[in-house]
Amino acid sequence: MLSHGWNLSPTEAVALQNSLRRQVVGRNCYAELQRIAGVDVGFEAHGSITRAAIVVLSYPQLQPLEQAIARLPTSFPYIPGLLSFREVPAILQALSKLQQPPDIFLCDGQGIAHPRRFGLACHLGVYTDIPSVGVAKTRLIGSHATVPAEKGGWVPLIDKDETIGAVLRTRSGVKPLYISIGHKISLERSIELVLACTPRYKLPETTRAAHRLASG
DNA sequence: GCGACAG
DNA sequence: ATCTTGTCGC
């Protein structure tokens with residue numbers, strides 16, 4: 001009943017997260033990665049329209065394979081901790097337009113590095129049953145030590161004595177990214193994957209490609 | 001009660 | 001997220 005629609009009240013949304021969090025799988029559960037997808041969500045018309053773009057790249061070559069874009073009326077406000085209820089509907093619409101689903105998603109936002117351990121990446125992963133990783137540009141919760149300045153350096157992101165993710169330097173001397181598992185992948189593999197997708201810039205090539213599509 | 005707060 | 005040009009630095 002509650003899990004069938006996205007038009008929920010904030011209170012219902014929190015309840016749904018607490019219910020679905022049990023379905024998150026933190027182990028590597030996939031055959032092989034050949035199609036890796038980047039997702040970007042933007043807004044138009046003063047925020048009244050949500051625009052989602054998905055770009056699928058080959059892995060590990062990172063060459064473009066296919067892409068899709070979708071626009072939907074915005075139906076949920078931005079509330080820290082409830083981001084997925086605002087962005088996932090449009091992402092699912094774009095996903096349905098792809099010829100073939102990707103093997104994994106690199107999401108803009110947190111995975112389990114979330115108050116209820118169920119951020120955007122977890123929600124998209126569990127809902128589609130496709131592996132996913134949360135790649136956020138800034139922190140939502142958790143604390144961490146100083147991150148080594150060299151590319152590849154990282155420190156655990158901790159909340160309540162629990163490791164919920166990693167703060168990873170994807171480019172020397174540049175602000176680090178907040179990595180956390182979304183679904184069906186381990187944190188160690190998530191870190192390796194993000195590093196494999198950042199040969200030159202701070203953000204993964206997948207995310208950059210999706211951002212370009214969403215812009216023009 | 002006072003901050004913090006993914007995009 | 002979005003509104004927006006030039007500017008500092010590797």
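This structure is a prediction, so every number in the text was calculated from the model and none was measured. To find a chain, count down the sequence lines: A is the first, B the second, and so on, and within it residues start at 1.
Rounded to whole Å, atom C1' of B:dA6 lies 14 Å from atom CZ of A:Phe85. When rounded to the nearest whole Å, the span between CG of A:Leu120 and P of B:dG7 equals 10 Å. Taking atom CD1 of A:Ile181 as the reference point, atom P of B:dA6 lies 20 Å away to the nearest angstrom. The distance from atom CZ of A:Arg86 to atom P of C:dT2 is 10 Å, rounded to the nearest whole Å. One interatomic measurement links the two molecules: CG of A:Asp108 to P of B:dA6, which rounds to 13 Å at whole-angstrom precision. One interatomic measurement links the two molecules: CG of A:Leu83 to C1' of B:dG7, which rounds to 5 Å at whole-angstrom precision. When the P atom of B:dA6 is taken as reference, atom CZ of A:Arg116 falls 13 Å away, rounded to whole Å. Here the C1' atom of nucleotide B:dA6 and the OH atom of A:Tyr178 are 11 Å apart, to the nearest Å.
Shortest non-hydrogen contact noted between A:Trp154 and A:Val147 is CA-CG1, 4.1 Å. Taking both residues in full, the closest heavy atoms of A:Ile112 and A:Ile164 are given as CG1-O, 3.4 Å, listed atom of the first, atom of the second, then distance.
Between the side chain of A:Asp103 and the main chain of A:Ile36, no donor-acceptor pair closer than 3.5 Å is present. Here the side chain of A:Glu87 pairs no donor or acceptor atom with the backbone of A:Ser84 at under 3.5 angstrom. Remark: the backbone N or O of A:His114 is paired with a side-chain donor or acceptor of A:Arg117 at under 3.5 angstrom.
Within the 4.0 angstrom heavy-atom criterion, no nucleotide atom of any strand lies near A:Arg171. Among the atoms of the strands shown, base atoms are found under 4.0 Å from some heavy atom of A:Leu82. Base engagement by A:Tyr78 is indicated by at least one non-hydrogen atom pair under 4.0 Å involving a base atom. Within the nucleic acid shown, A:Gly81 comes within 4.0 Å of at least one base atom, counting heavy atoms only. Residue A:His46 is classed as having no contact, given no heavy-atom separation below 4.0 Å to the nucleic acid. Across all strands shown, A:Gly42 has heavy atoms under 4.0 Å from sugar-phosphate atoms exclusively, and none from any base.
Phosphate contact (OP1/OP2 of B:dC5, side-chain N/O of A:Thr138, threshold under 4.0 Å): absent. For B:dG7, one of the phosphate oxygens OP1 or OP2 lies less than 4.0 angstrom from a side-chain nitrogen or oxygen of A:Lys137. In terms of phosphate contacts, A:Arg51 brings a side-chain nitrogen or oxygen within less than 4.0 Å of OP1 or OP2 of C:dT2. Note on A:Arg139: every side-chain N or O is 4.0 Å or more away from OP1 and OP2 of B:dA6.
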